[in-house]
Amino acid sequence: MRRRILRRTIWDADAISPDEWKFRNLMRIALPVYDAIVIGAGAWAMLWGSPILHRLFPDQVIVVLGALLAAAGVACAIGVIFPALWRLEVMSKVALVALLGTYAVVVLLFRSSPDPSSAFVVFILLLALPLPLFRLSLLGEDIKERREEEA
């Protein structure tokens with residue numbers, strides 16, 4: 001049972017085709033670690049929030065946003081770990097990018113004070129976007145190749 005499950009993961013020896021071998025560390029290490037960080041950030045937001053979140057939103061909204069972030073991280077991780085669930089990964093990566101991008105815009109536009117240091121949070125949020133966007137571009141290429149093979 002355990003072997004059958006492991007054979008379906010990204011860590012199986014045959015999970016990555018030779019032409020994608022250059023992305024093996026991205027898929028086997030970087031993306032799962034990134035998703036674990038996203039899950040942790042969502043859990044942290046649900047439990048404690050942050051000063052800037054508390055200035056922008058009521059506690060109930062912070063809990064919901066944290067839960068959405070954690071759920072997106074879990075779904076992204078499942079999609080990365082089990083390549084056959086690539087559709088889940090696409091949907092959850094899009095949701096993750098939307099959550100982080102929206103949060104950055106909200107912090108930038110709706111600051112509760114003219115404190116310029118909140119712009120630092122915007123930069124940190126934007127810093128989190130390139131990796132999932134790059135992965136979405138790779139998944140898009142995979143989708144294109146699947147369609148060409150079917151045609």
The side-chain hydrogen bond (donor to acceptor under 3.5 Å, both in side chains) partners of Asn25 (sequence neighbours excluded) come to none

Taken to the nearest 0.5 Å, the spacing of Ile62 CD1 from Ile52 CD1 works out to 11.0 Å

Taking the side chain as every heavy atom from C-beta outward, state whether Leu131 and Leu26 have any atom pair closer than 4.5 Å.
yes

For Thr9 and Ile5 the tightest heavy-atom approach is CG2-O, 3.3 Å

Quick note, side chain to side chain donor-acceptor pair (under 3.5 Å) partners involving residues 57-66, not counting sequence neighbours, are His54-Asp59

Across all chains, not counting sequence neighbours, the side-chain contact (heavy atoms from CB on, under 4.5 Å) partners of Lys144 are Glu141, Glu148

Taken in chain and number order and not counting sequence neighbours, the residues that satisfy side-chain contact (heavy atoms from CB on, under 4.5 Å) with Ala104 are Val122, Leu125, Leu126

Contacts of Asp12 meeting side-chain contact (heavy atoms from CB on, under 4.5 Å) (sequence neighbours excluded), chain-then-number -> Arg7, Asp14, Ala15

*asked:* Count I, L, V, M, F, W, Y as connected when their side-chain heavy atoms are under 4.5 Å apart, and connections chain through other members. Are Phe134 and Ile29 then in the same cluster?
replied: no

message: Would you say that Val61 contacts Leu56 through its side chain, given a criterion of any heavy-atom pair below 4.5 Å between the two side chains?
response: no

Identify whether Val63 and Leu99 are in the same connected component of the hydrophobic contact network (ILVMFWY, side-chain heavy atoms under 4.5 Å).
no

Common cluster, Ile124/Val97, ILVMFWY with side-chain heavy-atom separation under 4.5 Å = no

Over 12 foreign heavy atoms within 6.0 Å of CZ, Arg8
no

| task | Please confirm whether the backbone N or O of Leu65 pairs with a side-chain atom of Tyr103, one donor and one acceptor, at under 3.5 Å? | result | no

Could you pull out all donor-acceptor pairs under 3.5 Å where a side-chain atom in residues 70-82 meets a protein atom, sequence neighbours excluded?
none

Exercise for review: Check whether Leu96 and Phe123 end up in the same hydrophobic cluster, where Ile, Leu, Val, Met, Phe, Trp and Tyr are linked by side-chain heavy atoms less than 4.5 Å apart.
Suggested key: no

Sorted by chain and residue number, the side-chain contact (heavy atoms from CB on, under 4.5 Å) partners of Val64 (sequence neighbours excluded) come out as Leu68

Below 4.5 Å, heavy atoms only, C-beta onward: do Glu20 and Asp142 meet side chain to side chain? yes

Grouping I, L, V, M, F, W and Y whenever their side-chain heavy atoms are under 4.5 Å apart, do Met91 and Leu139 come out in a common cluster? no

Trp48 meets the ring-ring contact (aromatic ring centres under 6.0 Å, His included) criterion, sequence neighbours left out, with Trp44

Residue pairs passing the salt bridge (charged side-chain N to carboxylate O under 4.0 Å, His left out) test with at least one member in residues 23-33, sequence neighbours excluded, are none

For residues 83-109, the salt bridge (charged side-chain N to carboxylate O under 4.0 Å, His left out) pairs (sequence neighbours left out) are Asp35-Lys93, Glu89-Lys93, Glu89-Arg135

In this structure, CD1 of Ile39 is separated from OH of Tyr34 (nearest 0.5 Å) by 12.0 Å

Rounded to the nearest 0.5 Å, the CD1 atom of Ile16 sits from the CH2 atom of Trp21 at a distance of 6.0 Å

CE of Met27 to CG of Leu138, rounded to nearest 0.5 Å, is 7.5 Å

Salt bridge (charged side-chain N to carboxylate O under 4.0 Å, His left out) pairs touching residues 39-49, sequence neighbours excluded, are none

Residue set satisfying side-chain hydrogen bond (donor to acceptor under 3.5 Å, both in side chains) with Ser17, at least two apart, ordered chain then number -> Asp19

